[in-house]
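Here's the structure we're looking at; comments come further down.
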Amino acid sequence: MEALVKHFERIPHFIRAYSVIARFILNALKVLKSEQIEKFVDVLVEAYHMKRRVLVMGAGRSGLVGRAFALRLKHLGYDVYVLGDTIVSPVKKDDVVIAISGSGRTALIVTAAEAAKSVGAKVVAITTYIDSPLAKLADIVVEVPGRTKISKVEDYFARQILGIHEPLAPLGTLFEDTTTVFLDAIIVELMYRLGKSEEDLRNAHANIEI
């Protein structure tokens, strides 16, 4: 580590932040719950085989994380959409809605999740707070630790297990960074479950780009 610090001595805050974020993401494995992840994977595998739609939603940076996940699901062959896009098919009974919100309180996402529940869709909440409005209405909750914009004293992960350096991870960065890696790992699990190869994903990649 000392050698790294010396290598980056002219940008010390960069190396400190990079190290904190990477360590946090690795330590998240200590608190991620395997049973929650298994349920999440199972519902996605079922959705694939039953040709059910998947709608991914999140606001702000969480929405960008969700968009990246939706793109990979598309490469796997899912009928997937992102809330807010112009082209979004209607959600129906037993379709899967994945709602990403660190706080679990984002009004737009909670309202959209309620609408999904009203038509019989399965709602998956990816959040830090299991007692949040989003988590309470979801069929499946996946707890992803991280400092969110509402953290302060509420973020018990910070105090108990993982450690938070607030100036090094402003405005919820740890939740979003951890969720990005978490969802990328979910894609790898799905590849094996669905018998997909990297070549399959490559063949599904856009061939007309700007």
Side-chain angles (χ1 to χ4, degrees), residues 21-22 24-26 28-29 32-92 94-102 106 108-109 112-113 116 121-128 134 138-146 172-210:
I21 292 168
F24 185 94
I25 291 172
L26 184 60
L29 283 172
L32 288 170
K33 295 178 171 59
S34 61
E35 63 273 16
Q36 294 179 347
I37 299 171
E38 288 166 9
K39 288 179 181 178
F40 182 33
V41 171
D42 286 345
V43 80
L44 284 173
V45 170
E46 181 183 33
Y48 179 86
H49 289 304
M50 300 301 293
K51 301 187 184 305
R52 291 171 182 152
R53 291 180 180 132
V54 177
L55 177 67
V56 182
M57 58 191 189
R61 283 165 52 98
S62 291
L64 296 176
V65 172
R67 189 175 295 275
F69 182 57
L71 180 60
R72 286 291 181 244
L73 289 178
K74 181 69 174 176
H75 293 158
L76 283 174
Y78 281 86
D79 184 16
V80 58
Y81 301 89
V82 176
L83 185 68
D85 282 358
T86 302
I87 301 173
V88 178
S89 292
V91 170
K92 299 179 180 179
D94 293 327
D95 285 344
V96 179
V97 172
I98 301 169
I100 304 171
S101 172
T106 307
L108 170 67
I109 302 307
K122 297 176 182 177
V123 174
V124 179
I126 299 178
T127 182
T128 297
L134 179 62
D139 299 287
I140 298 171
V141 178
V142 181
E143 300 170 68
V144 175
T173 289
L174 289 174
F175 171 76
E176 293 143 3
D177 290 345
T178 305
T179 300
T180 297
V181 174
F182 167 77
L183 292 174
D184 276 349
I186 290 292
I187 291 297
V188 175
E189 181 67 29
L190 288 173
M191 287 175 66
Y192 281 92
R193 295 281 189 100
L194 301 177
K196 300 280 187 175
S197 67
E198 188 171 350
E199 186 63 25
D200 292 325
L201 271 69
R202 186 177 295 110
N203 290 335
H205 199 281
N207 61 357
I208 300 176
E209 300 177 294
I210 57 173

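No hydrogens, no waters, no symmetry mates; every other heavy atom, side chains included, goes into these values.
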Full working for side chain to side chain donor-acceptor pair (under 3.5 Å) between Arg72 and His75: CA-CA 5 Å; Arg72 286 291 181 244; His75 293 158; 3.0 Å; yes
Chi angles and distances behind the side-chain contact (heavy atoms from CB on, under 4.5 Å) call for Leu44, Ile186: CA-CA 10 Å; Leu44 284 173; Ile186 290 292; 4.2 Å; yes
Full working for side-chain contact (heavy atoms from CB on, under 4.5 Å) between Leu83 and Leu55: CA-CA 7 Å; Leu83 185 68; Leu55 177 67; 4.3 Å; yes
Residue pair Asp95, Arg52: steps toward the salt bridge (Lys or Arg N to Asp or Glu O under 4.0 Å) verdict: CA-CA 5 Å; Asp95 285 344; Arg52 291 171 182 152; 5.7 Å; no
Working for salt bridge (Lys or Arg N to Asp or Glu O under 4.0 Å), residues Lys39 and Glu35: CA-CA 6 Å; Lys39 288 179 181 178; Glu35 63 273 16; over 6 Å; no
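Separation of atoms CD1 (Ile187) and CZ (Phe69) is listed at 4.5 Å; rounding is to 0.5 Å. Note that OG1 of Thr178 is 10.0 Å distant from CG of Leu29, once rounded to the nearest 0.5 Å. Interatomic distance, Glu46 CD to Arg193 CZ, rounded to the nearest 0.5 Å: 12.5 Å. Atom OG1 of Thr179 sits about 10.0 Å away from atom CG of Leu174, to the nearest 0.5 Å. Note that the CG atom of Leu134 and the OG1 atom of Thr106 stand 8.0 Å from one another [nearest 0.5 Å]. Distance NE2/His205 to CG/Leu71: 6.0 Å, rounded to 0.5 Å.
Closest non-hydrogen pair, Ile100 versus Gly66, comes out as CD1-CA, 3.6 Å. Residues Thr128 and Phe175 approach most closely at OG1-CD1, 3.3 Å, considering heavy atoms. Val45 approaches Tyr78 most closely through the heavy-atom pair N-OH, 3.9 Å. Closest non-hydrogen pair, Val54 versus Leu73, comes out as CG1-CD1, 4.1 Å. Scanning all heavy atoms of the two residues, the minimum distance from Gly146 to Phe24 falls at CA-CZ, 3.4 Å. In this structure, Val80 and Ala70 approach most closely via the heavy-atom pair CG1-O, 3.4 Å.
Of the possible donor and acceptor atoms, one in the side chain of Gln36 sits under 3.5 Å from a partner among the backbone N and O of Glu143. With hydrogens and angles ignored, the 3.5 Å screen pairs no side-chain donor or acceptor of Arg61 with any backbone N or O of Thr173.
Using a 4.5 Å cut-off on side-chain heavy atoms (C-beta onward), Ile126 and Val65 make no contact. Two residues are said to be in side-chain contact when any heavy atoms from C-beta on lie closer than 4.5 Å; Ser101 and Met57 fail this criterion. Between Lys196 and Leu201, the closest side-chain pair of non-hydrogen atoms falls below 4.5 Å. Counting heavy atoms from C-beta on, the side chains of Met191 and Leu76 come closer than 4.5 Å. Contact annotation: the side chain of Val96 never approaches that of Val91 to less than 4.5 Å [non-hydrogen atoms, C-beta and beyond]. Residues Tyr48 and Leu190 form no side-chain contact, since every pair of their non-hydrogen atoms from C-beta on lies 4.5 Å or further apart. A 4.5 Å side-chain heavy-atom check between Ser197 and Asp200 finds at least one atom pair inside the cut-off. The closest side-chain heavy-atom distance from Lys122 to Asp94 is below 4.5 Å.
Ring planes of Phe40 and Phe182: parallel class, angle under 30° (limits at 30 and 60°).
Within 6.0 Å of CD on Glu199 lie more than 12 heavy atoms contributed by other residues, nucleotides or ligands.
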